[in-house]
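Just so you know, residue 1 is the first one in the sequence shown, and it goes up from there.
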Amino acid sequence: MVRDTAGARERIEQLRRELEQHNYNYYVANAPVISDREFDLMMKELERLEKEHPEWDDPLSPTHRVGSDLTKGFEQVSHKYAMLSLGNTYSVGEVDEFVRRTREALMGEEVTIVGEMKFDGTSISLLYEDGRLVRAVTRGDGEKGDVVTDNVKTIRSIPLRLSGEGWSRRFEIRGEIVLPWEAFDRLNAERAFQEEPLFANPRNAASGTLKLQNPAIVAKRGLDAYFYYLLGENLPCDTHYGNMMEARKWGFKVSDAMTRLHTIEEVDKYISHWDKARKELPVATDGLVFKVNSLRQQLNLGFTAKSPRWAIAYKFPAERALTRLRYVSFEVGRIGVVTPVANLEPVLLSGTVVKRASLHNADIIASLGIHEHDMLYVEKGGEIIPKITGVDESAREPGAPEITFVKDCPSCGTPLVRVEGEASWMCPNKYGCVPQITGRVEHFVGRRMMNIDGIGEETAEALFASGLVTNIADLYSLTMEQLTLLDRLGEKSAERILRGVADSKKVGFERVLYALSIPFVGETVAKKLARSVRSMDRLMEMSVEDLTAIDDIGPRIAESIKEYLSAPVNIEIITRLREAGVQMAMGEENDEGRSDRLAGKTIVISGVFNRHSRDEYKEMIERNGGKNSGSISKKTDFVLAGENMGPAKLEKAQKLGVPVVNEDEFLNMISE
């Protein structure tokens with residue numbers, strides 16, 4: 001505790017500076033460097049010191065504001081009802097005390113508490129007039145926020161027109177924009193292929209997506225939304241729970257976890273249940289919220305300067321482990337980005353053994369201050385991705401040197417360069433750095449690219465080391481004699497590789513473009529490009545301005561494509577691939593079989609199939625105008641089911657009345 005006056009003043013200023021920086025990291029940069037708990041403890045310390053020393057109060061102190069996510073480029077409007085934060089606790093006992101304190105403040109009245117999930121996303125406030133969505137506004141600084149209506153309209157779980165009846169002519173509804181785990185994993189997989197920085201958790205991804213300037217890209221990300229608070233005049237019910245049940249009838253997604261609780265014992269049981277059951281939910285959560293149900297009682301309890309007295313948030317403690325750092329490796333990807341990885345003594349965390357955790361970039365290493373063989377705190381970011389959150393400095397070995405980011409490529413020795421506008425460093429030796437060369441080969445032969453079986457990481461490295469494959473075009477010059485001379489590669493394996501190489505010549509132009517490892521050209525962008533430009537010749541002729549005229553192709557992607565196709569080494573590779581028979585244009589077969597029989601339909605695939613693979617069925621759906629989805633919802637038109645369809649999906653389809661069709665029925669449907 002700070003006792004001396006000068007020390008107190010200095011500590012207050014230090015906390016204010018640090019909290020403002022952490023607010024920026026969290027709300028603007030979407031890259032927090034401390035945990036929520038650490039942030040809350042710092043905030044509580046500042047609140048205490050400011051209370052003890054009111055003479056140093058500052059209206060710009062972090063204690064007088066809610067963290068801001070305001071972004072330039074969006075119109076900003078004031079909230080009619082301020083979007084305040086909730087008081088946080090990590091203690092079940094403090095939740096119980098909240099219930100007791102509430103009853104005392106209400107002079108012993110009967111109090112019903114509503115328990116609900118605290119979804120880990122980004123807050124949103126929607127305004128409806130005459131049953132239509134008028135405006136969507138982010139939380140911002142609590143007083144005003146960014147208008148993101150066009151982006152929110154792309155979220156299919158948000159009603160643009162209300163169903164049912166009984167809604168007020170004008171009202172606001174508050175909720176949380178989230179990115180489901182399935183969509184998060186898919187998005188990070190796409191970013192990993194492009195060696196773009198991965199999102200640390202679904203909240204960061206949801207927040208970043210909602211602030212994109214292009215609603216078409218937002219629509220592809222798969223955002224979802226849950227709603228938890230209705231505001232306005234002439235609301236249908238005099239209770240919070242009743243209003244949310246009515247909102248559900250109007251078309252809003254309200255969590256099934258929302259429950260009325262009548263005793264402290266029920267509150268404790270609710271916490272105990274969801275501490276485990278939340279791990280089965282399709283979206284990330286970081287706690288629970290408890291609210292007084294009666295609106296009259298809420299009004300009587302009122303607000304503090306920052307939060308309502310009638311609600312409290314309980315944060316789930318993150319599962320954390322302490323383990324020793326063995327060493328930090330610096331790994332070069334196929335685009336050249338160097339990623340530091342903490343190699344750890346194995347430790348059990350959230351049911352899995354963790355041996356490695358990405359340290360992401362040089363800035364993260366510096367902020368953590370890691371020394372060799374340190375004892376590190378490891379958490380599961382979003383309970384999925386292992387994350388280093390701190391160092392036990394008391395266990396540090398005397399004289400242990402600090403870990404610093406490498407200045408030269410750990411593979412080829414080339415001086416690294418900083419990626420403009422990012423915290424990443426990369427090796428510029430694109431065509432002479434072994435991990436980049438072999439990484440591009442591995443990518444090229446992948447199942448979703450050219451689908452050449454039999455070449456994994458070890459084989460790609462062996463092919464390079466032998467001098468047989470120094471770039472992807474060399475794959476088409478391989479012979480049986482050459483392959484069988486490689487260690488641990490028998491005749492059957494060689495035959496499989498050569499068969500895959502021959503078959504890859506039939507792979508369509510869309511996948512060829514994706515296979516080339518053009519920076520920032522992922523699977524979706526490659527499809528868009530191929531269908532727009534139709535041929536490699538046309539693509540090579542196009543200027544940056546021509547490319548940016550294509551939907552979803554921004555300046556960064558366009559410049560990357562132009563740079564790649566202007567490099568002599570890549571021109572030679574493309575020429576050799578063309579001479580080998582690789583498809584360099586959209587052929588007539590790409591247009592054959594296309595129809596609009598499934599136009600506007602969203603289809604989920606589940607189970608094991610006999611007549612075609614899952615990927616082939618996905619392609620059929622796209623070729624006939626349909627859209628593939630990974631999860632069943634009210635928007636799903638039907639499920640294409642094979643054998644052993646997941647029981648959870650079957651149950652959900654039956655519950656929502658979604659038709660389930662088999663292979664034969666589907667094939668008949670698209671061949672009519």
Side chain to side chain, [X] and [Y], heavy atoms closer than 4.5 Å:
X: Glu75; Y: Arg135; result: no
X: Thr89; Y: Phe98; result: no
X: Asn243; Y: Pro236; result: yes
X: Ile173; Y: Leu231; result: no
X: Leu261; Y: Phe290; result: yes
X: Tyr90; Y: Leu41; result: no
X: Met83; Y: Glu172; result: no
X: Trp310; Y: Gln297; result: no

Carboxylate-amine/guanidinium proximity below 4.0 Å for [X] and [Y]:
X: Arg100; Y: Glu104; answer: no
X: Arg324; Y: Asp374; answer: no
X: Glu47; Y: Lys51; answer: no
X: Glu50; Y: Arg16; answer: yes
X: Glu246; Y: Lys249; answer: yes
X: Glu190; Y: Lys220; answer: no

Between the side chain of [X] and the main-chain N/O of [Y], is any donor-acceptor distance below 3.5 Å?
X: Thr149; Y: Ala136; result: yes
X: Tyr270; Y: Ala257; result: yes
X: Ser207; Y: Asn204; result: no
X: Tyr377; Y: Val391; result: no
X: His79; Y: Thr138; result: yes
X: Arg169; Y: Asp130; result: no
X: Asn361; Y: Asp363; result: yes
X: Arg11; Y: Leu46; result: no

Phe184 and Trp181 aromatic ring geometry - parallel, tilted or perpendicular at 30°/60° bounds: perpendicular
If you measure from [atom1] on [X] to [atom2] on [Y], what distance do you get to the nearest 0.5 Å?
X: Leu359; Y: Ile403; atom1: CG; atom2: CD1; answer: 9.0 Å
X: Glu110; Y: His262; atom1: CD; atom2: NE2; answer: 7.5 Å
X: Met245; Y: Met258; atom1: CE; atom2: CE; answer: 5.5 Å
X: Glu94; Y: Asn88; atom1: CD; atom2: CG; answer: 10.5 Å
X: Met244; Y: Thr239; atom1: CE; atom2: OG1; answer: 11.0 Å
X: Thr285; Y: Arg278; atom1: OG1; atom2: CZ; answer: 5.0 Å

Ring centroid separation Phe227 to Trp250 under 6.0 Å: no
is_close_aromatic(Phe252, Tyr128), centroid dist under 6.0 Å: yes
Residues Thr122 and Glu176: side-chain donor-acceptor under 3.5 angstrom: no
Arg17 and Gln14 side chains, donor-acceptor separation under 3.5 Å: no
Tell me the closest heavy-atom pair linking [X] and [Y], and the distance in Å.
X: Ala105; Y: Leu301; result: CB-CD2, 3.7 Å
X: Tyr228; Y: Ser123; result: OH-OG, 3.9 Å
X: Leu179; Y: Pro202; result: O-CB, 3.4 Å
X: Pro180; Y: Val283; result: CA-CG1, 3.8 Å
X: Glu143; Y: Ala82; result: OE2-CB, 3.9 Å
X: Gly369; Y: Glu402; result: CA-OE2, 4.0 Å

Can you tell me if [X] has over 12 outside heavy atoms packed within less than 6.0 Å of its [atom1]?
X: Glu233; atom1: CD; answer: no
X: Lys269; atom1: NZ; answer: no
X: Arg320; atom1: CZ; answer: yes

Face-on cation placement of Lys291 at Tyr229 ring, 6.0 Å and 45° thresholds: yes
Trace of the side-chain contact (heavy atoms from CB on, under 4.5 Å) decision for Val99 with Val111: CA-CA 8 Å; Val99 178; Val111 177; 5.9 Å; no
Working for salt bridge (Lys or Arg N to Asp or Glu O under 4.0 Å), residues Glu182 and Arg186: CA-CA 6 Å; Glu182 188 172 348; Arg186 183 176 66 248; 5.1 Å; no
Intermediate values then yes/no, side-chain contact (heavy atoms from CB on, under 4.5 Å), Leu295 and Leu235: CA-CA 10 Å; Leu295 301 189; Leu235 296 179; 4.3 Å; yes
Derivation of the side-chain contact (heavy atoms from CB on, under 4.5 Å) call for Val218 and Val148: CA-CA 11 Å; Val218 177; Val148 289; over 6 Å; no
Trace of the side-chain contact (heavy atoms from CB on, under 4.5 Å) decision for Val137 with Leu127: CA-CA 8 Å; Val137 185; Leu127 173 64; over 6 Å; no
Review item, side-chain donor-acceptor pairs of residues 153-165, under 3.5 Å, at least two apart:
from   : atom 1 : to     : atom 2 : distance (Å)
Thr154 : OG1    : Asn151 : O      : 2.6
Ser157 : OG     : Asp224 : OD1    : 2.5
Ser157 : OG     : Ala225 : N      : 3.3

